[in-house]
Amino acid sequence: MNRTLAIDVKNHIGEEIKLNGWVHQIRLVGKIKFVILRDRTGLVQTIVLDKNIDISNLERESAVAIFGKPKLEKQAPNGVELEVSKIEVIEKAQSPLPFEVNRASELTNVKIDSILDHRPFSLRNLELASIFRLQAEIVRAYADFMRSQGFLQIHTSKIISAGTEGGTNLFPIQYFEQKAYLAQSPQFYKQMMVGAGYERVFEIGFVYRAEDHATSRHINEYLSLDFEMGFIEDEQDVIKMEIKLLQYMFEQLKKNCAQELKMHNVELPEIKTIPQLRLSEAIKICTDKYNKKFENENDLDPEAERLICEYSKKEFASDFVFITHYPQSGRPFYTMPAEDGLTRGFDLLYKGLEVTTGSQRINNFEMLVSSMKKFGLKPEDFEFYLEIFRYGMPSHGGLAIGTERLTQQILNLKNIREACLFPRDRYRLTP
RNA sequence: GGGCUCGUAGUGUAGCUUGGUUUAACACGUCGCCCUGUCACGGCGAAGAUCGCCAGUUCAAAUCUGGUCGAGCCCGCCA
């Protein structure tokens, strides 16, 4: 017999059908027994009235086949339930279960560490599973949008010979007789592909940061949504592209993830435009309006990021805010300089957290080489990268979005690890 | 690299400040009995923890001290 999905049960009233799934809940109410079945499409209530059907040994979370006839029933959830004729246990679940998986998280209140220790099992929970359904939609919408704008999807190596952006640490790996590193960004490669003639490219791939921190917003391997575009006027073209991207993405999420958003009590706003502040203005706002003191005026610290987002929400009714005109000292060597020691680099903050870094890049060969030297890098080590800059490199720019951070902020998750299936952090290598 | 906090049944917590009537409590889960409309079902009962580990102080340690292992958070840095 073909299998029917939970979501389709209502279309088979009166027919004998087979359901497959997991035993979500068992409720014994006297001589009536309810078995709630869960499959990938959701829940469906089944009812056992025949006293010859023995379910006394049925365990929650066992994988089962349930046979029976659906009927309309006012008292059932969604008005439909299946009257059981037979239950087959495909594979029994052992007791005890690692934790209560069939309830809303606010009721089970399981700690992130227990969730991650039992990661596949934890995703039996509808609320936890919904995070990754939404994340899949974020990534799908990203790819669809980029393609619609003429971007080519590329896949570049995560095994590299040298780092791109000085500051962050690289994971060294042994590559036969050579020393190699895990890529911290596809930066060089996406720029090279712009110069190659594709003009517009995007990549969805893991990147690796050997940063020795343990916070609710850092993981050492994360999924980076990168794009790079050629023949731009300046960084504003990149910013405009990201605004259109986020508008499209939010529309798609509202349309295709209504259930997931509702499960997390999230109502996505319509993005009209996104305000911009120069870094110097942002610092002034923090100092003047919030009495914040800065030790380093090259960047906003996490507290300042939260304050500026609070300000943006109040003044512009926007959860997002771009910070622009960062000084050269805080940005990577390939960032296009602007007047007064500033750059054409920007960040995007969302609900108090940095989710994007981008910029216009240097496209002139001599300027790039001299910038490299200023940063203490040897141009001869990067010949593979520099070559294309000799042969007519267009003006260009791009950005990178942290997928898990974006997911975390959209769903108001406390910890970024909740937005990552198998997070790699300072101490965790399994599962 | 610097700082702060937490480890108590399968899960989540209380108890620790002020060591002793604690036989370590509560909720969920598990097991048994009852219940013909549950939907966070309900009622009655039961099992399940040498209080992370090691050492110390003490007549007495879940409780105080030191070490150790594990975990969470903040800062620097970053998406």
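When reading the values below, keep in mind they use all heavy atoms of this one structure, side chains included, and skip hydrogens, waters and symmetry mates. A, B, ... follow the sequence lines: proteins, then strands. Residue 1 opens every chain.
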Sugar-phosphate, base or nothing in reach of A:L225, heavy atoms under 4.0 Å: nothing

Sugar-phosphate, base or nothing in reach of A:R306, heavy atoms under 4.0 Å: sugar-phosphate

Sugar-phosphate, base or nothing in reach of A:V29, heavy atoms under 4.0 Å: base

Contacts of type side-chain hydrogen bond (donor to acceptor under 3.5 Å, both in side chains), residue A:K86, not counting sequence neighbours: A:E88

No-H, no-angle donor-acceptor pair, A:E100 side chain to B:G10 base, under 3.5 Å: yes

Any donor-acceptor pair under 3.5 Å from A:Q247 side chain to A:K272 backbone: yes

Touch class at under 4.0 angstrom, heavy-atom based, for A:L97 against every strand present: sugar-phosphate

For B:A62, the Watson-Crick or wobble counterpart (both distances under 3.5 Å): none

Sugar-phosphate, base or nothing in reach of A:E221, heavy atoms under 4.0 Å: nothing

Nucleotide forming a Watson-Crick or wobble pair with B:A9, both distances under 3.5 Å: none

Residue A:R103, side-chain atoms from C-beta onward, closest of B:C78, B:A40, B:G72: B:A40

Sorted by number, the residues of residues 54-75 of chain A with heavy-atom contact under 4.0 Å to RNA chain B: A:R60, A:E73, A:Q75

Under-3.5 Å donor-acceptor pair between A:R27 side chain and B:C35 base: no

Touch class at under 4.0 angstrom, heavy-atom based, for A:P77 against every strand present: base

Distance-only donor-acceptor test, A:E81 side-chain atoms vs B:G37 base atoms, 3.5 Å: yes

Option from A:L406, A:T403, A:I138 for which side-chain contact (heavy atoms from CB on, under 4.5 Å) with A:L223 holds: A:T403

Sugar-phosphate, base or nothing in reach of A:D212, heavy atoms under 4.0 Å: base

Name of the residue among A:R38, A:K92, A:Q94 meeting side-chain hydrogen bond (donor to acceptor under 3.5 Å, both in side chains) with A:E61: A:R38

Listed partners of A:R119 passing side-chain hydrogen bond (donor to acceptor under 3.5 Å, both in side chains), at least two apart: A:S122

Close side-chain approach of A:F121 and A:L97, heavy atoms under 4.5 Å: yes

Watson-Crick or G-U counterpart of B:G1, or none if no pair lies under 3.5 Å: B:C75

Among B:A71, B:G12, B:G37, the one nearest A:D113 by side-chain distance: B:A71

